[in-house]
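Have a look at the structure below, then the notes.
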There are 4 protein chains.
Amino acid sequence: MSKIEKNKKQKENSLYDAAYHLFTTKGIHNTAISDIVKKAGVGKGTFYLYFKNKYDILDKIILDKSTYVLSEAIKQTKEKEFNNFEDELLYFIDYIIEYLRKDRLMLKLIHKNLSWGIFKKAYKDYEEIHEIYSMFQSGYKNSSLSRDYIGKVLFMILELTGSVCYSSIILEEPVGIDEMKPVLFQTIRKII
Amino acid sequence: MSKIEKNKKQKENSLYDAAYHLFTTKGIHNTAISDIVKKAGVGKGTFYLYFKNKYDILDKIILDKSTYVLSEAIKQTKEKEFNNFEDELLYFIDYIIEYLRKDRLMLKLIHKNLSWGIFKKAYKDYEEIHEIYSMFQSGYKNSSLSRDYIGKVLFMILELTGSVCYSSIILEEPVGIDEMKPVLFQTIRKII
Amino acid sequence: MSKIEKNKKQKENSLYDAAYHLFTTKGIHNTAISDIVKKAGVGKGTFYLYFKNKYDILDKIILDKSTYVLSEAIKQTKEKEFNNFEDELLYFIDYIIEYLRKDRLMLKLIHKNLSWGIFKKAYKDYEEIHEIYSMFQSGYKNSSLSRDYIGKVLFMILELTGSVCYSSIILEEPVGIDEMKPVLFQTIRKII
Amino acid sequence: MSKIEKNKKQKENSLYDAAYHLFTTKGIHNTAISDIVKKAGVGKGTFYLYFKNKYDILDKIILDKSTYVLSEAIKQTKEKEFNNFEDELLYFIDYIIEYLRKDRLMLKLIHKNLSWGIFKKAYKDYEEIHEIYSMFQSGYKNSSLSRDYIGKVLFMILELTGSVCYSSIILEEPVGIDEMKPVLFQTIRKII
DNA sequence: TATGAATGAGCATTCATTCAT
DNA sequence: CATGAATGAATGCTCATTCAT
């Protein structure tokens with residue numbers, strides 16, 4: 001990577017970081033492009049060299065962050081040993097929940113879009129994301145269910161987890177995440 | 001209700017209807033207050049007599065419409081006879097799905113907000129909403145599970161349904177609702 | 001005064017008091033007619049039965065309050081005995097200063113308008129105001145100066161007092177009123 | 001100064017001039033930002049690049065114009081020769097009066113703000129302003145009065161002059177400036 | 001490539017005033 | 001006399017986007 005390339009990447013990253021920080025702390029609606037570039041320390045025009053508009057950078061951030069959470073979760077899961085698939089999956093889900101609980105601002109931003117990462121760009125780019133899919137498929141290796149069906153179940157479990165996290169952690173509705181977690185786990189156990 | 005009271009209610013309703021129509025067709029972001037009042041046929045200041053700002057009327061619309069969907073679903077369900085609780089619940093869920101499929105614009109508006117928050121608020125105001133809860137509790141009458149636990153399961157089923165509807169119907173991700181529905185139904189069957 | 005007349009006067013007074021309170025605490029610019037009527041507990045239309053607009057009631061308030069200060073000052077002065085005119089005038093001036101110091105909000109409102117404009121209008125309406133003029137003229141009874149000339153000097157002393165009070169009490173520029181007062185008194189002594 | 005810097009200064013100046021002209025002819029209250037930018041021939045956003053709001057530009061104009069009057073007065077005074085301090089001071093005051101009489105619109109704008117607040121601010125920025133202070137202090141060099149006391153007397157003379165100018169020239173109360181001037185001069189003579 | 005001054009359409013919001021009740 | 005719902009012109013201000021440097 002040439003020096004110029006490096007510099008470009010650096011500018012893009014600083015815009016990215018600035019936007020993430022402002023979106024999470026001030027809210028999307030209250031963050032203007034001018035705020036982002038000021039915080040990033042670059043010129044206003046520079047923003048448009050890297051992103052189309054506010055929602056372009058926002059989408060990229062959400063995608064990136066959700067993918068990151070999922071890939072971290074699978075990485076940690078893969079490093080452990082489990083007696084069975086159920087334990088493995090629940091460890092994976094628990095990792096996600098605990099991560100989001102610790103980073104409420106990120107959870108607020110990705111809202112209920114946590115399953116997105118799997119089905120979009122990330123699926124293609126990140127090696128780790130393949131693994132979650134593989135893990136899930138392996139867990140069902142003895143069943144007669146089709147690969148497609150199993151994929152959809154994974155999708156639903158992730159949607160459910162994302163939704164429950166948002167409700168329980170951000171809104172604390174109907175109850176906080178600590179009370180919700182056992183029910184969620186039991187439900188997932190039933191699903192698989 | 002006096003003539004003046006009637007007139008007020010009429011004004012509020014026309015604003016409400018105009019806003020709903022514009023939000024669903026043009027999008028929230030692209031709808032200005034001036035559009036709403038023009039369509040409603042009232043003065044601009046009148047809007048502020050009834051609503052604080054665009055998001056105030058939006059919230060009211062989302063709450064209202066979501067409540068309506070749920071209450072319609074329970075009403076229709078109660079009118080039918082079922083052999084067992086599972087069939088009853090799935091009919092209820094199916095009614096919601098089909099309703100949202102037919103009214104994609106409304107689904108887009110209520111996004112993934114068809115859930116507990118709404119449910120809880122609606123619970124206080126609408127008699128019908130009590131029934132869904134009763135129905136669900138009755139279905140579990142022979143189980144040893146606590147009422148609380150059962151309530152949380154209902155919450156999760158609603159969250160899951162809402163999330164899946166939005167993804168499948170609006171984004172068609174990972175697949176359309178027709179392909180998704182059997183998997184969702186099977187999943188709900190396992191949950192209960 | 002009939003009961004109806006009394007009621008009218010009462011409404012006018014409550015508007016007057018509400019406006020005075022809001023003008024002094026929130027500022028003229030930030031006070032709307034709707035604020036005034038809300039505080040006064042009357043209908044919006046009622047305001048226009050008694051006043052032309054915001055500046056109409058403001059002018060009346062300023063006139064009224066400034067007149068009150070001056071008339072109070074002369075009343076108190078007349079009740080005392082003095083060895084000479086100089087002492088009498090300085091007592092009068094001091095009374096004004098101390099009054100304004102205690103009611104900074106009123107001083108802020110009447111700004112630097114404590115002077116001839118007010119004085120002149122008040123002259124016609126309030127018996128007490130005649131007395132200050134008389135007092136001042138008497139003080140000069142042995143001089144060869146014309147009545148007109150003496151009137152102008154009184155005007156200047158009042159202008160100077162008003163200006164100094166505003167600067168010293170409100171802005172504390174160049175110094176506070178305590179430091180300023182001896183200089184002002186010495187200056188007035190030289191003038192007369 | 002680069003071309004771009006020059007252009008910026010030009011824009012600011014045209015806004016400044018436009019605002020001054022509109023404030024003096026139409027009044028502050030009746031001048032909208034849109035009027036200013038239209039007259040200045042710049043975009044609306046440009047205004048907010050240079051000024052916070054209407055009162056920001058107004059304050060700057062008042063400060064600037066008042067400073068200009070004072071600095072002009074001292075410049076002219078310094079160019080003349082005088083037999084004594086009294087003549088010098090009265091020439092200085094007279095210059096101010098005549099200037100304001102010729103430019104009534106400016107006088108109306110700066111109202112009764114021609115005084116210490118302005119003086120103090122200007123003191124830092126304008127070399128000429130130092131001179132008026134020096135002149136005044138020199139006039140008292142043989143007196144036993146403290147520098148502080150003398151400064152306060154200067155302050156009062158300026159306040160008095162400003163107040164009298166506004167009343168006599170703008171309101172013509174209690175009489176016009178021609179009739180008032182001899183009394184003012186005589187009063188100042190007595191003060192010093 | 002990078003900048004940031006300039007733009008002006010677009011928007012939310014206010015508020016004095018009216019007038020039917 | 002009193003009201004307060006309705007109005008809509010008026011206005012301040014924002015902000016995404018452009019483009020000359």
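Note that the structure is predicted; figures quoted are calculated from it, not measured. By convention in this document, chain letters (A, B, ...) are assigned in the order of the sequence lines, proteins followed by strands, and residues within each chain are numbered from 1.
The structure places CG of C:Leu15 at 7.5 Å from CD1 of C:Ile36, a figure rounded to the nearest 0.5 Å. Atom CD1 of D:Ile110 and atom CG of D:Leu105 lie 11.5 Å apart (nearest 0.5 Å). In this structure, the separation between NZ on A:Lys44 and CD1 on A:Ile33 is 9.0 Å, given to the nearest 0.5 Å. Distance check: B:His21 NE2 to B:Asp35 CG gives 12.5 Å after rounding to the nearest 0.5 Å.
Checking A:Lys44 against B:Lys11, the closest nucleotide of DNA chain F that is more toward the 5' end is the one next to B:Lys11. For the pair B:Ile4 and B:His29, both in contact range of DNA chain E, the more 5′-proximal nearest nucleotide belongs to B:His29. Mapped onto DNA chain F by nearest heavy atom, C:Gly43 and D:Thr31 fall at different nucleotides, with C:Gly43 at the one closer to the 5' end.
The interatomic distance linking B:Glu5 (CD) with E:dT21 (P) rounds to 15 Å, in whole Å. Atom-to-atom, CZ of B:Phe47 to C1' of E:dC11 comes out at 13 Å; the value is rounded to the nearest Å. To the nearest angstrom, C1' of F:dC13 lies 15 Å from CD1 of D:Ile57. When the C1' atom of E:dA2 is taken as reference, atom CD of A:Gln10 falls 14 Å away, rounded to whole Å. Straight-line distance from the NZ atom of B:Lys8 to the C1' atom of F:dT7: 16 Å, rounded to whole Å. As a whole-Å value, the separation of D:Lys9 NZ from E:dA6 C1' is 17 Å. Straight-line distance from the CG atom of D:Leu15 to the C1' atom of E:dA6: 12 Å, rounded to whole Å. Going from atom CG of B:Asn30 over to atom P of F:dA16 covers 14 Å, rounded to whole Å.
Relative ring orientation between D:His29 and C:Tyr55 is described as perpendicular, the plane-to-plane angle rising above 60° on a 0-90° scale split at 30° and 60°.
In the displayed structure, B:Lys38 atom NZ is contacted under 6.0 Å by at most 12 heavy atoms of other residues, nucleotides or ligands. In the displayed structure, B:Lys54 atom NZ is contacted under 6.0 Å by more than 12 heavy atoms of other residues, nucleotides or ligands.
Within the 4.5 Å cutoff, side-chain heavy atoms of B:Lys60 are placed close to those of B:Asp56.
Comparing E:dA6, F:dA6, E:dA2 by their closest approach to the side chain of D:Thr46 singles out E:dA6. With distances taken from any side-chain atom of B:Val42 to the nucleotides F:dT14, F:dT7, E:dT13, the minimum falls on F:dT7.
Aromatic pair C:Tyr20/C:Tyr16: centroids not less than 6.0 angstrom apart.
For the segment residues 49-56 of chain B, residues with any heavy atom less than 4.0 angstrom from an atom of DNA chain F are, sorted by number, B:Leu49, B:Tyr50.
The strand DNA chain F forms stems, runs of 3 or more Watson-Crick or G-U wobble pairs with distances below 3.5 Å, at E:2-21 with F:2-21.
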